[in-house]
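Both backbone and side-chain heavy atoms feed into the values below; hydrogens, waters and symmetry mates do not. All residue numbers in this chain count up from 1 along the given sequence.
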Amino acid sequence: MSLNTFEYNALTPLEGSLNTGRWTDGNPNLDNDVNIAWYYLCTSSQILPPLGEIDLAYTTLISHFSQFNEMYWAPEADVKKVADHIIAKLRENPSWMTEVLQQIYATCDQLEDFSRQHLKKTSFSELSDSELKALFDTHTQLHLAVYNYARIPEALDRGYELFSKLLKNHLQFAMTKQALSAPSPKELNRAFSTLIAPTESSVLDQAELTLLQLAADIIDDPTLTIGQRQADLLDQPLKFVWLYLQPSYRERIKDFVHRYGSTIYHGYANRQAMTETEVIDKIRSLINNAPHQVIARKKDRLISNESEREAAFDHYQIDKNWQDLFKLYPQIGLAKMYRRNAQLVNFMFLDKLLYEIARRHNLPEAAVRGAIPPELSALLDSSQPELQHDIHTKLQTRHTQNFLYYIKDLTHGVIDNPDLVADILARISASYEAEIDPRYLTGSQVWPGQTEGTVIVAFRPDDLKKAIVPPNTIVVIVSGSTDPDLMYAINEWRQQKKYQVGAILTETGGITCHAAITAREQEIPTIVGISGLLKALSTGDRVKVNADEGWVSRLETAQNINKVIPFPNVTDTFGLTASDLGVKAFNLALLHQHQDVGNYKITPAFFLPPDLVADELQKARRHKSVKNYAFGDELIQMIYQSCRGLNWTDLAEIMIRSSCRLEDTNGSAAAGYFDSIPDLTISNIIEQLRSYIFINSRGKNGRSPYEGSIIIQEQVNPTLSGVMFTKNPTPSNGLGHNSMIIEAVNGQNRGVTSGNVKPTRFILDRDSAHSGNIRQIIPGTSQALLTSQHLQKLATLGLFIEQTMQDAFQKKPADLEWGIVGDTVYLFQARPITTT
């Protein structure tokens with residue numbers, strides 16, 4: 001592709017295409033850049049000559065890159081024309097596609113072998129400019145060779161699934177002829193699933209089987225010694241397991257990393273291959289999940305799929321030519337998955353190569369990833385210094401966060417003018433956007449089944465890790481499209497039995513996409529190509545999925561089940577007072593509003609409504625033991641939805657805190673009467689909260705039962721913490737009425753508030769407290785290293801809170817609990833001093 005036909009911010013070549021006809025969108029490619037996308041775009045356009053006697057090229061391709069995520073479009077007429085040409089060729093000669101698939105495997109092997117060969121080098125910095133250019137150009141030719149064939153199955157069902165419809169129409173005809181009546185959509189889809197079910201394992205399934213076999217062999221091996229046996233491996237700290245494994249198992253693990261370690265690699269989202277320690281962790285989880293049974297079930301399933309398919313062929317009297325087309329269907333999916341796996345190895349190599357190009361030419365890596373391969377090849381060509389300088393200048397100024405790359409006939413170019421980009425995208429969208437009704441969305445059925453569940457929107461494995469739903473919930477994975485790394489993570493989820501994956505839904509993709517392949521192997525109800533899916537559904541929504549007929553309906557939105565009270569505007573929005581929430585929660589809400597001005601932090605939290613807490617306390621009192629008391633589903637969903645809204649993950653540390661109306665009232669601070677429960681995670685918050693409510697439902701030490709709200713708050717682990725009285729609460733102690741007292745310990749302040757630890761006490765004069773001048777230090781059981789800067793910041797903050805909260809505190813001085821992390825002061829609690 002010549003740079004002589006390359007245009008910058010030139011709309012003229014596209015005008016004719018933009019003003020006529022509809023556009024078809026391709027799969028969204030996350031964590032992608034134009035350097036990678038170019039290979040598919042180039043081979044799919046008229047820039048290159050046709051492959052053989054069939055015209056398989058799109059006249060126009062437009063690709064939009066935003067934050068290194070890509071979406072591309074082709075004219076609807078082109079998409080249908082190319083698919084029709086491929087189908088016609090298949091009808092004439094099904095073995096032609098078999099030859100194409102063989103070429104995909106062969107070219108992928110060549111690309112992967114090349115990438116692995118050069119990945120062995122720790123750096124490319126020792127190569128000369130000409131050697132680096134030769135390496136880059138060789139890679140370009142190998143990657144083009146892959147897509148010269150791989151684009152064909154991609155185009156076969158692009159957008160309109162013409163191949164799928166052709167097969168379904170023939171099957172419907174055969175079923176009608178056999179039964180003398182038309183089949184229902186459910187009957188048709190289930191029969192179609194039988195005919196296209198996998199009879200061979202994909203590369204992802206092969207990886208899973210390899211791990212399962214390792215786990216099974218460890219269970220069965222009678223020669224293993226202490227430290228190597230199944231029970232010992234499960235008990236050993238993960239970092240030590242490698243030391244106890246026999247060499248033969250270590251070699252098999254190394255081989256797994258070599259063959260499949262790139263499966264989780266994905267550009268900017270995860271630029272790390274799987275490690276041996278991660279593989280061991282996966283094996284340990286499989287040991288507890290009956291690996292022998294899973295292996296047998298997988299193998300039996302493939303065998304039964306083949307026998308059921310042959311029986312269906314006979315039953316519906318499908319002739320040999322059509323049988324060959326049905327058999328090609330799953331083969332196409334396997335080849336697409338194989339291609340993607342080879343590319344992930346290639347991306348590991350290409351990341352290193354592009355980094356070296358960026359370093360050598362003093363460019364940000366983003367600029368290099370915003371260049372197409374012909375530009376980078378020219379940049380590396382020192383024999384053309386003027387062109388080299390021109391490319392360098394253009395890459396320095398290109399807006400890589402939001403730009404278009406297009407190919408139109410024999411012209412190609414980049415548009416990064418924001419106004420032009422916005423105009424083109426609006427004109428494309430206007431050609432095909434329609435109103436979406438979230439109550440009924442339709443797509444292409446991949447694997448049959450029906451379920452109801454809670455939506456988790458996930459594009460990458462990290463999205464699954466951040467998902468907050470109750471254990472054992474039936475979840476419905478919603479995505480734009482699915483790459484192998486996401487499908488790998490979904491498989492792991494199912495193996496660990498953390499959640500039940502009830503269904504998978506994608507906005508794009510045909511029924512030979514990655515999601516479809518894995519869904520059939522795992523037998524997960526799946527629908528793909530659901531237009532408007534991501535606009536209609538959000539994490540936490542409840543949906544009904546009917547993959548027998550290819551539709552999904554939203555039953556309830558996440559917002560409808562979220563009735564907890566967040567920090568902001570508890571008075572304005574909810575009209576709640578301290579007598580409703582309890583003083584602790586109410587004061588935290590007020591403090592939250594002033595944290596930016598006061599230069600302190602309140603960690604995120606939400607409050608359970610007092611009426612809901614009252615209902616649960618009443619329920620708990622009806623039971624004699626905590627094991628008989630259970631929350632309703634609505635409360636559980638409410639709590640998890642609130643955790644999700646605060647972006648808490650399974651790794652977040654949270655705590656349950658009281659806000660009882662008995663606490664912190666005038667004349668009775670009652671601090672510590674209702675205990676907090678710290679060091680919790682999302683996984684155990686429900687069980688601990690249930691126990692907390694049960695214990696406090698009856699009251700203790702002669703006090704009344706709990707009344708008020710309950711605080712669920714993110715926990716911070718300070719390096720220094722303590723309490724502060726902005727005015728000495730007991731002047732008779734000899735410190736004087738005009739003193740400010742700050743007590744501190746290293747680490748958490750639980751010992752201070754409980755009275756179990758003697759803190760270091762700093763006495764300051766109120767009138768000069770802003771300066772942090774110390775009047776007296778009374779040592780504690782351990783020396784808290786509060787600096788003068790710390791004291792100055794705390795004292796200034798104390799006086800600020802006293803002034804800001806004077807209405808809530810009835811003009812009394814403040815009693816504060818605080819913590820310090822780095823240079824940040826956190827406030828955990830604030831109340832008026834009840835005795836001065």
Side-chain angles (χ1 to χ4, degrees), residues 109 112-113 115-122 201-266 270-299 337-338 340-349 461 464-465 484-498 518 521-522:
D109 286 343
E112 183 174 344
D113 290 345
S115 301
R116 290 195 185 280
Q117 174 189 346
H118 293 284
L119 273 171
K120 295 176 183 177
K121 297 180 180 179
T122 56
S201 293
S202 71
V203 66
L204 274 185
D205 206 40
Q206 291 168 18
E208 185 182 349
L209 280 167
T210 302
L211 288 180
L212 285 164
Q213 193 60 59
L214 266 164
D217 289 349
I218 288 172
I219 292 172
D220 293 340
D221 194 338
T223 68
L224 295 180
T225 60
I226 294 175
Q228 302 169 340
R229 293 178 305 208
Q230 174 190 345
D232 296 315
L233 290 180
L234 293 174
D235 291 338
Q236 290 285 351
L238 187 60
K239 62 182 179 180
F240 294 142
V241 174
W242 186 252
L243 303 176
Y244 289 98
L245 280 173
Q246 284 182 330
S248 61
Y249 291 109
R250 291 171 60 162
E251 289 304 314
R252 289 170 67 180
I253 290 169
K254 286 182 178 180
D255 182 63
F256 181 90
V257 170
H258 174 75
R259 293 171 60 193
Y260 303 113
S262 60
T263 307
I264 65 169
Y265 193 92
H266 202 109
N270 182 22
R271 302 181 78 168
Q272 296 292 329
M274 201 180 301
T275 66
E276 291 160 351
T277 301
E278 288 172 324
V279 174
I280 292 170
D281 194 32
K282 295 177 191 301
I283 293 170
R284 293 211 306 186
S285 70
L286 292 175
I287 284 175
N288 278 331
N289 285 301
H292 300 82
Q293 296 176 25
V294 179
I295 292 170
R297 187 165 62 246
K298 282 179 170 293
K299 292 181 177 179
M337 187 75 84
Y338 192 88
R340 189 59 178 167
N341 193 64
Q343 280 184 311
L344 292 174
V345 178
N346 167 66
F347 292 163
M348 295 167 64
F349 153 77
L464 294 180
K465 294 175 184 176
D485 56 345
L486 180 60
M487 298 311 299
Y488 201 101
I490 291 173
N491 287 349
E492 280 201 318
W493 243 27
R494 300 176 80 234
Q495 292 164 2
Q496 295 167 0
K497 300 179 180 176
K498 186 174 183 180
T518 303
E521 289 181 330
Q522 303 293 335

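The nearest pair of heavy atoms linking Leu119 to Val345 is CD1-O, 3.9 Å. Annotation for Ser115 and Asn346: closest pair OG-CA, 3.3 Å, computed over non-hydrogen atoms. The two residues Pro291 and Leu286 make their nearest non-hydrogen contact at CD-O, 3.3 Å. What you find for Ala273 and Glu278 is that their closest heavy atoms are O-OE1, 4.1 Å.
Distance check, rounded to the nearest 0.5 Å: CG of Leu245 to CD1 of Ile283 gives 7.5 Å. With rounding to the nearest 0.5 Å, the separation of CG in Leu211 from CD1 in Ile280 is 11.0 Å. Atom CG of Leu209 sits about 6.5 Å away from atom CD1 of Ile295, to the nearest 0.5 Å. Separating the CD atom in Gln230 from the CD1 atom in Ile218 is a distance of 9.0 Å, to the nearest 0.5 Å. Here Tyr244 contributes atom OH and Leu224 contributes atom CG; the two are 14.5 Å apart, rounded to the nearest 0.5 Å. From Ser202, atom OG reaches atom CD of Glu208 across 9.0 Å, with rounding to the nearest 0.5 Å.
Taking a cutoff of 4.0 Å between a charged side-chain nitrogen and a carboxylate oxygen, Glu112 and Arg116 qualify as a salt bridge.
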Can you give the donor-acceptor pairs under 3.5 Å from side chains of residues 251-260 to other protein atoms, not counting sequence neighbours?
unit_1: Arg252; atom_1: NH1; unit_2: Asp217; atom_2: OD2; d: 3.0
unit_1: Arg252; atom_1: NH2; unit_2: Asp217; atom_2: OD2; d: 2.8

Check against side chain to side chain contact (heavy atoms under 4.5 Å, CB included), Met337 and Glu521: CA-CA 13 Å; Met337 187 75 84; Glu521 289 181 330; 5.9 Å; no
Check step by step if side chain to side chain contact (heavy atoms under 4.5 Å, CB included) holds for Gln228 and Asp221. CA-CA 10 Å; Gln228 302 169 340; Asp221 194 338; over 6 Å; no
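A heavy-atom distance below 4.5 Å is not found between the side chains of Trp242 and Thr277.
Heavy-atom neighbours of Ile226 CD1 from other residues, nucleotides or ligands within 6.0 Å: at or below the threshold of 12.
Asp232 meets the salt bridge (charged side-chain N to carboxylate O under 4.0 Å, His left out) test with Arg229; sequence neighbours excluded.
At least one donor-acceptor pair closer than 3.5 Å links the side chain of Gln206 to the backbone N or O of Ser201.
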